[in-house]
Protein chains: 2
Amino acid sequence: MSETEVPWLNEREMQVWRRWLRVQTELPAALGRDIARHSGLSLQDFETLVVLSEAPDERLRISALADQMHWERSRLSHHLRRMSARGLVSKEDCKEDGRGSFVALTEQGRAALESAAPGHVRAVRGLFLDGMSEDELALLGGFLERVLQRASV
Amino acid sequence: MSETEVPWLNEREMQVWRRWLRVQTELPAALGRDIARHSGLSLQDFETLVVLSEAPDERLRISALADQMHWERSRLSHHLRRMSARGLVSKEDCKEDGRGSFVALTEQGRAALESAAPGHVRAVRGLFLDGMSEDELALLGGFLERVLQRASV
DNA sequence: CTAACGTTGTTGACACATCAACAACCACCA
DNA sequence: TGGTGGTTGTTGATGTGTCAACAACGTTAG
């Protein structure tokens, strides 16, 4: 709200900013193409399965899953319905809380995850990590953390 | 396709990768909230208007606009229909090529852009650029360029 | 106990992106 | 000239994300 003048981006800043914008769209697109081709999963499917697979008994309350994924519950609900229809996850009701449900990995879900994971790791390395030194990694990590702090609600 | 073993991400790599994924969603979300609150535009509207405003006569062939934005023509066509309905752009037909059309900035479109731009620049600085040294900027630029090369079709 | 309030997960309406199909048109060549 | 093939921009179908509203249930205070 303050009316202090903010200087326009100079050439270098603009270049980096526009590159960032492009990477933000091209990188997920490339990773998504790759994972879909190799496993029929989307990146969103994959993320969901990863978090579930790391949970005790490979199952989670839906809200807990939403929190860990930083997804809105509505979005997750829609997505789980579709994944459930494809047999990747299953829902079980929760005895301790009549409102709640659990989502669990199915056999098929775990199989899909295991078949997709190595290729995805390879893609993340090949596109993103390869060629980064320890120093650069640390620097990038710090930068991302700073942005995250500022952008978070 | 080669079956060479690819090592899993170590702790540091995983941390940076997951941060990247979060920034990739949170940063556009924060910028989008900001620009929508101040001007009623979406980030996509804004990008469209920026490119148009930089064109000679503030108008462009639709394919040229799509190319500059790295958007599919179909996506752009849908988006322009909505923006046109809101009076932000207008379409004119092209005399040299009976298939083609021009899109042009309207008065209202330029006004919306000019009212949104300073706040957006401030947001990009505040969330993304502030606190970055020249060296870091150069490093990030190099990194992004590298990723872009690898991820591009 | 119960009334008030918060939580859980779902739903439907809508905005947006992707994809394939398409009509209209241009350019080129036999 | 007329056919062939590529281009332009649009459309409709489909999948997905966001938002507001909601029923069902839990929690707490009086």
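Protein chains get the first letters and strands the later ones, always in sequence-line order, with residue 1 at the start of each. For the numbers below, each heavy atom of this structure counts, side chains included, while hydrogens, waters and symmetry mates do not.
Across the protein-nucleic acid pair, Glu92(A) atom CD and dT8(C) atom C1' stand 17 Å apart, rounded to whole Å. The distance between atom CD1 of Ile62(A) and atom P of dG9(C), rounded to the nearest whole Å, is 5 Å. Atom CZ of Arg33(A) is separated from atom C1' of dC19(C) by 14 Å (rounded to the nearest Å). In this structure, the CD atom of Glu96(A) is 16 Å from the C1' atom of dT7(C), given to the nearest Å. For the pair Asp93(A) CG and dA24(D) P, the interatomic distance rounds to 16 Å; values are reported in whole Å. Distance Arg61(A) CZ to dG26(D) C1': 11 Å, rounded to the nearest Å. What separates CD of Glu47(A) from P of dT16(D) is a distance of 14 Å, to the nearest Å. Atoms CG (Leu41(B)) and P (dC16(C)) sit 12 Å apart, rounded to a whole Å.
Tracing side-chain contacts under 4.5 Å through hydrophobic residues (I, L, V, M, F, W, Y), one reaches Leu105(A) starting from Val51(A); they form part of the same cluster. Note on Met69(A) and Phe46(A): same hydrophobic cluster, where clusters join Ile, Leu, Val, Met, Phe, Trp and Tyr whose side-chain heavy atoms are under 4.5 Å apart, directly or indirectly. Residue Leu49(A) is not grouped with residue Phe102(A) when hydrophobic side chains (ILVMFWY) are merged at heavy-atom distances under 4.5 angstrom, including chains of intermediate members.
Listed pair Lys91(B) / dT10(D) meets the phosphate criterion, a side-chain N or O lying under 4.0 Å from OP1 or OP2. Side-chain N/O atoms of Gln44(A) include none lying less than 4.0 angstrom from OP1 or OP2 on dG15(D).
The nearest pair of heavy atoms linking Ser63(B) to Arg73(B) is OG-CD, 3.2 Å. Minimum heavy-atom separation, Ala116(A) to Ile35(A): CB-CG1, 4.2 Å.
DNA chain D is contacted by Arg73(B), Ser74(B), Ser77(B), His78(B) of residues 65-83 of chain B, taking any non-hydrogen atom closer than 4.0 Å.
Between Arg146(A) and Asp130(B) there is no salt bridge, since none of the side-chain N atoms of the basic residue sits less than 4.0 Å from a carboxylate O of the acidic one.
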Contacts under 3.5 Å, N or O only, protein and nucleotides 1-6 of chain C:
from	atom 1	to	atom 2	distance (Å)
dG6(C)	N2	Arg99(A)	NH1	2.8

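Other residues, nucleotides and ligands contribute only 12 or fewer heavy atoms inside 6.0 Å of the CD atom of Glu11(A).
Asp45(A) and Thr48(A) share no donor-acceptor pair across their side chains, judged by distance under 3.5 Å alone.
If you take CG on Leu43(B) and NE2 on His120(B), they are separated by 6.0 Å, rounding to the nearest 0.5 Å.
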